[in-house]
There are 6 protein chains.
Amino acid sequence: MEVSARNQIKGTVKELNADQVMAEVVLTLPGGAELVSVITAASAKRLNLAVGKEITIIIKSTDVMLASE
Amino acid sequence: MEVSARNQIKGTVKELNADQVMAEVVLTLPGGAELVSVITAASAKRLNLAVGKEITIIIKSTDVMLASE
Amino acid sequence: MEVSARNQIKGTVKELNADQVMAEVVLTLPGGAELVSVITAASAKRLNLAVGKEITIIIKSTDVMLASE
Amino acid sequence: MEVSARNQIKGTVKELNADQVMAEVVLTLPGGAELVSVITAASAKRLNLAVGKEITIIIKSTDVMLASE
Amino acid sequence: MEVSARNQIKGTVKELNADQVMAEVVLTLPGGAELVSVITAASAKRLNLAVGKEITIIIKSTDVMLASE
Amino acid sequence: MEVSARNQIKGTVKELNADQVMAEVVLTLPGGAELVSVITAASAKRLNLAVGKEITIIIKSTDVMLASE
């Protein structure tokens, strides 16, 4: 499946913290950088997320903000 | 300034393509991966974006989607 | 590929209107209802969008607002 | 009230699951398809959401992603 | 119509700048502060936006980021 | 730090309500209007949010919707 969201990066689940409705997922990128994702707890379950699992990170280009010093 | 958006990554502007309202910015991450950002043309101007400029990429955790094979 | 975004609906491209950076896509759902999507012109090209093409519509649950009379 | 968000669809509340901050609402569309919305628990209360209630679903066009096989 | 989006503020259109797909709207709040909105050009037309028009500004609570010095 | 998000307003924390993953923050603007923000509980902690604290509110222009009567 090809998705319109422009950004698709490989990552590994490092931490997973879920409550009743939402789940927070800490991801490690190949270079060692970390990214945090908050999805619904139901989606975390449906994707079988677990520490160590390799996943694809998808981000819409309009959700990527920039900042300069 | 400390921002609530959890994800803040360093990157370099690789390409810049603006029309009257919107601008598309291609960024290179330290490991070589690319990320695309779409912001308003006015913001691209205000941040003095130019090819080669180093910037900070900011992404809210609720905007980070995950996918598994 | 299984995506964390909870909502995935089938639709057909009815209209396509692109400028330099952004593209507007009018979609028809099976029941006849219409949905409008705005993505980057580059993504519309990459997905080979064209009038009549069948596609999957993906919407994050936190992007679905509700209103009552 | 006329809202700038392009997509406004009628739906019925099928399930409602709230915790302290967030609420998950499963909606049925006229054709039988389902859509999931995550809003704040306070908004779910303010809108008097309940199973069986008819509501309007509002989605911004920039939040509608597309995917092709 | 009662909308789940928590934030609804009154404002006045100060500037309007549209291209083929997108429109940028500068708004003045009662206290004099300014807010910028980017919506589709089609929505700007549908809402009959014009300089001086009074409108309601709607923002989802998950789209409000915070920063501290 | 200069951020691409166009809207940056000063505000004061009026209420703070957090659960395990998410936090809801009620903010007062200089003119007396209120704005609600939902961020992760971890970000609320990292920013040392507390009732009475002055903060900067940041909103992307594509997240500002408009409505007319």
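Throughout, protein chains are lettered first and strands after them, A, B, ... in sequence-line order, and every chain is numbered starting at 1. What you see is a predicted model; the values in this text were computed from it and never measured. The basis for the numbers below is simple: all heavy atoms, side chains too, and nothing from hydrogens, waters or symmetry mates.
- By the 4.0 Å N-to-carboxylate-O rule, F/E54 lies too far from F/K10 to be salt-bridged with it.
- Looking at F/S61, only its side chain comes within 4.5 Å of chain B, counting heavy atoms on both sides.
- Between F/T12 and F/K53, the side chains place no donor N or O within less than 3.5 Å of an acceptor N or O (distance only, hydrogens not considered).
- Without hydrogens or angle criteria, B/R6 side chain to F/S43 main chain gives no donor-acceptor distance under 3.5 Å.
- With a 4.5 angstrom heavy-atom cutoff, F/S37 does not touch chain B via any of its atoms.
- In this structure, CD1 on F/I57 lies 5.0 Å from CG on F/L35, to the nearest 0.5 angstrom.
- Here F/V3 is the residue among F/L49, F/I55, F/T62, F/V3 with the most heavy-atom pairs under 4.5 Å with chain B.
- At a 4.5 Å heavy-atom cutoff, the contact between F/A5 and chain B is made by backbone atoms alone.
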